[in-house]
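Below: one structure, written as structure tokens.
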Amino acid sequence: QVQLVESGGGSVQAGGSLRLSCAASGYDHSTYCMAWFRTTPDKEREGVAALVTGGGAEYFVDSVKGRFTISRDNAKNILYLQMTNLQPEDTALYYCASRPTAGSHCSNHHFWYNSWGRGTQVTVSS
């Protein structure tokens, strides 16, 4: 059973940076999609970015392109989300998700993923 544990959230001022981490364990497949999602009380969970094993990064939200970078340390099984120039609209609970895949692309739909972390809160003040 895959377990995902997020960390790195916090409170920053607009323009600041944070790096989220997602430590993964229990993988029994060779290829996985790993993704970051975020949600707020008034907004459905939205896919932010994803990375498939051995593949390239995909960014699903136009407003984060150029500011967020998803990466993965395969040796340590840690997924990262480097967030720069954070804005108040980035305030959300950020989740890590994963799913085994045979493909080269990952979905931006939360229902496609079958393993989830508990989330880490990011709060950006203006």
Side-chain angles (χ1 to χ4, degrees):
Q1 183 176 354
V2 175
Q3 292 188 324
L4 304 172
V5 180
E6 303 97 333
S7 61
S11 297
V12 297
Q13 290 190 325
S17 300
L18 285 172
R19 187 176 78 161
L20 306 184
S21 298
C22 172
S25 61
Y27 284 136
D28 57 4
H29 290 76
S30 60
T31 306
Y32 275 82
C33 273
M34 294 191 74
W36 288 101
F37 282 77
R38 65 186 183 185
T39 187
T40 61
D42 59 350
K43 199 172 181 180
E44 186 177 330
R45 194 173 298 194
E46 69 171 352
V48 176
L51 196 61
V52 64
T53 308
E58 299 174 86
Y59 297 92
F60 305 128
V61 180
D62 286 342
S63 65
V64 309
K65 292 176 182 178
R67 297 190 299 122
F68 290 11
T69 302
I70 188 172
S71 63
R72 180 174 175 177
D73 185 328
N74 289 320
K76 297 180 180 179
N77 268 339
I78 299 177
L79 181 74
Y80 298 104
L81 186 68
Q82 178 69 51
M83 306 184 293
T84 62
N85 192 21
L86 282 160
Q87 300 300 312
E89 54 266 32
D90 296 315
T91 294
L93 185 61
Y94 283 73
Y95 293 92
C96 176
S98 74
R99 171 180 166 154
T101 183
S104 59
H105 293 281
C106 301
S107 174
N108 63 327
H109 296 293
H110 62 85
F111 51 76
W112 188 78
Y113 294 83
N114 56 12
S115 295
W116 290 86
R118 292 176 174 263
T120 185
Q121 179 68 36
V122 172
T123 303
V124 185
S125 58
S126 57

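Neither L93 nor V122 shares a network with the other; the hydrophobic side chains, linked directly or stepwise wherever heavy atoms of I, L, V, M, F, W or Y lie under 4.5 Å apart, form separate groups for each. Follow the hydrophobic side-chain contacts under 4.5 Å out from Y95 and you never reach F68; the two are in separate clusters. Linking ILVMFWY residues whenever their side-chain heavy atoms come closer than 4.5 Å, directly or via other members, leaves L81 and F37 in distinct clusters. V52 and M34 fall into different hydrophobic clusters, where Ile, Leu, Val, Met, Phe, Trp and Tyr side chains are chained together by heavy-atom contacts under 4.5 Å. Hydrophobic cluster membership is shared by L86 and V64, with clusters built from Ile, Leu, Val, Met, Phe, Trp and Tyr side chains linked at under 4.5 angstrom.
In terms of modelled atom types and a separation under 3.5 Å, the side chain of E58 and the main chain of H105 share no donor-acceptor contact. Side chain of S21 to backbone of Y80: no donor-acceptor contact under 3.5 angstrom is found. Under a 3.5 Å cut-off, the side chain of T53 and the backbone N or O of Y32 do form a donor-acceptor pair. E6 contributes a side-chain N or O that, together with a main-chain N or O of C96, makes up a donor-acceptor pair within less than 3.5 Å.
One finds a salt bridge joining E46 and R38 here, because a Lys/Arg side-chain nitrogen approaches an Asp/Glu carboxylate oxygen to under 4.0 Å.
Taking OG1 from T120 and CH2 from W36, the interatomic distance works out to 7.5 Å, rounded to the nearest 0.5 Å. A distance of 12.5 Å separates CD of Q3 from CG of N77, quoted to the nearest 0.5 Å. Annotation: the span from Q82 atom CD to I70 atom CD1 amounts to 12.5 Å, rounded to 0.5 Å. Here N114 contributes atom CG and C33 contributes atom SG; the two are 10.5 Å apart, rounded to the nearest 0.5 Å. For the atom pair CZ of R99 and CZ of F111, the computed distance is 10.0 Å after rounding to the nearest 0.5 Å. Within the model, atoms OG of S7 and CZ of R118 stand 14.5 Å from one another, a figure rounded to the nearest 0.5 Å.
Closest approach of V2 and S115 over heavy atoms only: CB-OG, 3.5 Å. The minimum heavy-atom distance between S125 and P88, with the atom names listed, is C-CG, 4.4 Å. Counting all heavy atoms, side chain and backbone alike, Y113 lies closest to A50 at OH-CB, 4.0 Å. For the residue pair R67 and N85, the shortest heavy atom distance occurs at NH1-O, 2.9 Å. Taking both residues in full, the closest heavy atoms of A14 and S126 are given as CB-CA, 4.3 Å, listed atom of the first, atom of the second, then distance. Across every non-hydrogen atom of A23 and I78, the tightest pair is CA-CG1, 4.3 Å.
Other residues, nucleotides and ligands place more than 12 heavy atoms under 6.0 Å from the CD atom of Q121.
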**Item:** Working for side chain to side chain contact (heavy atoms under 4.5 Å, CB included), residues L4 and W116
**Value:** CA-CA 6 Å; L4 304 172; W116 290 86; 5.5 Å; no

**Message:** side chain to side chain contact (heavy atoms under 4.5 Å, CB included), that's the test. Do Y27 and S98 meet it? Break it down for me.
**Reply:** CA-CA 10 Å; Y27 284 136; S98 74; 3.7 Å; yes

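Tested against V12 for a side-chain contact (heavy atoms from CB on, under 4.5 Å), the candidates L18, D90, T123 yield a single pass: L18.
Looking at T101 and W112, their side chains come closer than 4.5 Å, going by heavy atoms from C-beta outward. Side-chain contact check for T40 versus T91: every heavy-atom pair is 4.5 Å or farther apart.
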